[in-house]
Amino acid sequence: MTQLFEELDSRGLVKQSTIELERLKSILNGPSLSVYAGFDPTKSSLHVGHLIPIMILARMQTAGHRPICVVGGGTALIGDPSGRDSMREMLTEEKIQENMRGIQAQLSRFIDFSEEKALLVNNYDWLGFENYIDFIRKIGPHFTVNRMLNADCFKIRMEKGLSFLEFNYMILQAYDYFTLYKKYECTLEIGGDDQWSNIIAGVELVRRIEGREVFGMTNPLLTRSDGKKMGKSEGGAIWLDAEMTSPFEYFQYWRNTTDDDVVRFMKIYTFLPISEIERYSSMKGEELNEAKEILAYEATKILHGETEALKAKEAALNLFRKGSADGAPEITMNINLLNGKLLADICVNAGLFDSKSEAKRMILQGGLTMNGVKIEDVAKTVSASDFSKDIIELKKGKKTYLNIKVVR
RNA sequence: GGGUCAGUGUCCGAGCGGCUAAAGGAGGCAGACUGUAAAUCUGCUAGCGUAAGCUUACGGUGGUUCGAACCCAUCCUGGCCCA
């Protein structure tokens, strides 16, 4: 008997449930069941915004349940209209296959897929082979269009137009649940609160066809206290793929959490015991920096492992406390591309800026530092004295560091 | 299928023949202040060029005009109304 329900509830992860809380509690805390959450393979990497259901599944697994991650290879061909006001770009099957591989790798950082302790399935495996007529004969009678049109997730789109293609999304997701129930005895679906309509559609479908009650639960959609979207930062989304967002950047993302969010995020995004997290909730002002560091370290550790997390922490310490550029993100460049070249050009080559115009703008605004010295001359060229240590330390603004290692 | 309205920069959204690289807002970046926070204030926010300047850009394509995001034709996409 675990305290899973209390665990999730105290971390603020329960928003709505298809059953009363008391029953939800006994189900969550009861014998092992299979629980599923869906992930859209629309990109080759998941990002911070996907983390909540992942963390919930991970906690469920720890409590003895079996997570089923459904990668929507089939539904991605349709596009979920929930929460968006325009139609999604359609993806090719090849692209989806490719994306799935990346997503799978990332999920396994959080969830143990060995010995079938968790499953990863692609809904294309069942959706892709359905015959249209058979399918609508089987499923169609159980849905009324009237009801569907009333679903929240379609509401916004009623204004802007909703294609029949997307209208089917809900039915397909419901069918997923039905299939998972049949195949794996899956009796719980979780998802963000925007998935509520889709989840209850699945719950109802199973009840109508199988006469069996299955459950659904949503987590609150997280917005940051400053109103910004979760998972977005300076450069864009924060990805779980280390190639797309380095462990250092990932660490920094969490380290820069707004004061008001630190404790809330610790509850959601780390495995630290609630009792320990509570200690930080009394912290105010500058003290919270300590909490932020712990949040960043823990979150990075879960995804990238302890070694990387320590490295990131160390680098941050050097950069922001000691003023040393040790451990900053580093790239190597051949000396031929550096000596005598325009600094602005070098920065663009190094990926610090997207264009030369941007680089120049930044210099004019006093936002570029090289080897600890603010660069004020747009026409600055790099010479041997600038890389006498075989390294050029660049800093854009206050927080973006990049070391260029010189290859002779 | 008919009618009608619309399609603008990352997003929202003004412009409706020259003064428009395109108002305003949001977002992003930078500077100041700070605690690697928030709030606030300031600047920047297509590319290329040290620069004068040049090149792309207002759904696509053609056209009218000295000159078009703006006018015309046609096509595509979407809304609404009718069938």
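Fair warning: this is a prediction, and the values are worked out from it, not measured in the lab. Just so it is clear: chains get the letters A, B, ... in the order the sequence lines come, proteins before strands, and each one is counted from 1.
The interatomic distance linking A:N256 (CG) with B:U34 (P) rounds to 18 Å, in whole Å. Rounded to whole angstrom, the span from the NZ atom of A:K341 across to the P atom of B:U50 amounts to 13 Å. Computed from coordinates, the A:D261 CG to B:G35 P distance equals 21 Å when rounded to whole Å. Look at NZ on A:K374: it is 10 Å from C1' on B:A30, rounded to the nearest Å. Computed from coordinates, the A:E287 CD to B:U36 C1' distance equals 17 Å when rounded to whole Å. Spacing between atom CG of A:D259 and atom C1' of B:A39 amounts to 11 Å, rounded to whole angstrom units. Rounded to an integer number of Å, the gap from A:K399 NZ to B:C29 P is 9 Å. The distance from atom CG of A:L364 to atom P of B:G31 is 13 Å, rounded to the nearest whole Å.
Of all the residues in residues 348-363 of chain A, A:S355, A:K356, A:S357, A:K360, A:R361, A:M362 reach under 4.0 Å from RNA chain B with at least one non-hydrogen atom.
Contact between the side-chain N/O atoms of A:K398 and the OP1/OP2 oxygens of B:U34 is not found at any separation under 4.0 Å.
You'll find the side chain of A:M60 reaches within 4.5 Å of the side chain of A:L4, heavy atoms only.
Rounded to whole Å, the separation between the P atoms of B:G24 and B:C82 comes to 41 Å. The gap from the C1' atom of B:G63 to that of B:C19 amounts to 26 Å, rounded to the nearest Å. Comparing the C1' positions of B:G62 and B:G25 gives an interatomic distance of 36 Å, to the nearest angstrom. B:A21 and B:G53 are spaced 12 Å apart, taking the P atom of each and rounding to whole Å. Nucleotides B:G60 and B:C44 place their P atoms 29 Å apart, quoted to the nearest Å. Comparing the P positions of B:C54 and B:A39 gives a spacing of 42 Å, expressed to the nearest Å. Straight-line distance between the P atoms of B:U65 and B:A23: roughly 30 Å, to the nearest whole Å.
Among the heavy atoms of the strands lying under 4.0 Å from A:Q252 is at least one base atom, whether or not backbone atoms are also near.
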Query - Nucleotide pairing, RNA chain B (Watson-Crick or G-U, distances under 3.5 Å), in dot-bracket with [ ] and | - result: ((((((((.[[[..)..(.....]]]((((((.......))))))(((....)))...[[[[[..)....]]]]]))))))).
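With a 6.0 Å cutoff to the six-membered ring centre and a 45° limit on the axis angle, A:K25 does not count as a cation-pi contact of A:F5.
Of the candidates A:W239, A:F39, A:Y250, A:H47 forms a ring pair (Phe, Tyr, Trp, His ring centres under 6.0 Å) with just one, namely A:W239. Among the candidates A:T257, A:I52, A:I302, the single residue satisfying the side-chain contact (heavy atoms from CB on, under 4.5 Å) test with A:Y269 is A:I52.
For the 3.5 Å distance criterion, the side chains of A:D176 and A:N123 qualify, holding a donor opposite an acceptor. Of the N and O atoms on the side chains of A:R255 and A:N289, at least one donor lies less than 3.5 Å from an acceptor on the other residue. For the residue pair A:S45 and A:Q106, a side-chain donor N or O sits within less than 3.5 Å of a side-chain acceptor on the partner.
Taking the six-membered ring for Trp and thresholds of 30 and 60 degrees, A:Y175 and A:F135 have ring planes more than 60 degrees apart, a perpendicular arrangement.
Comparing B:U34, B:G35, B:U36 by their nearest atom to the side chain of A:L288 picks out B:G35.
Distance CD/A:E189 to CD1/A:I199: 4.5 Å, rounded to 0.5 Å.
At a cut-off of 3.5 angstrom, the base of B:G43 holds at least one donor-acceptor pair with the side chain of A:Q365.
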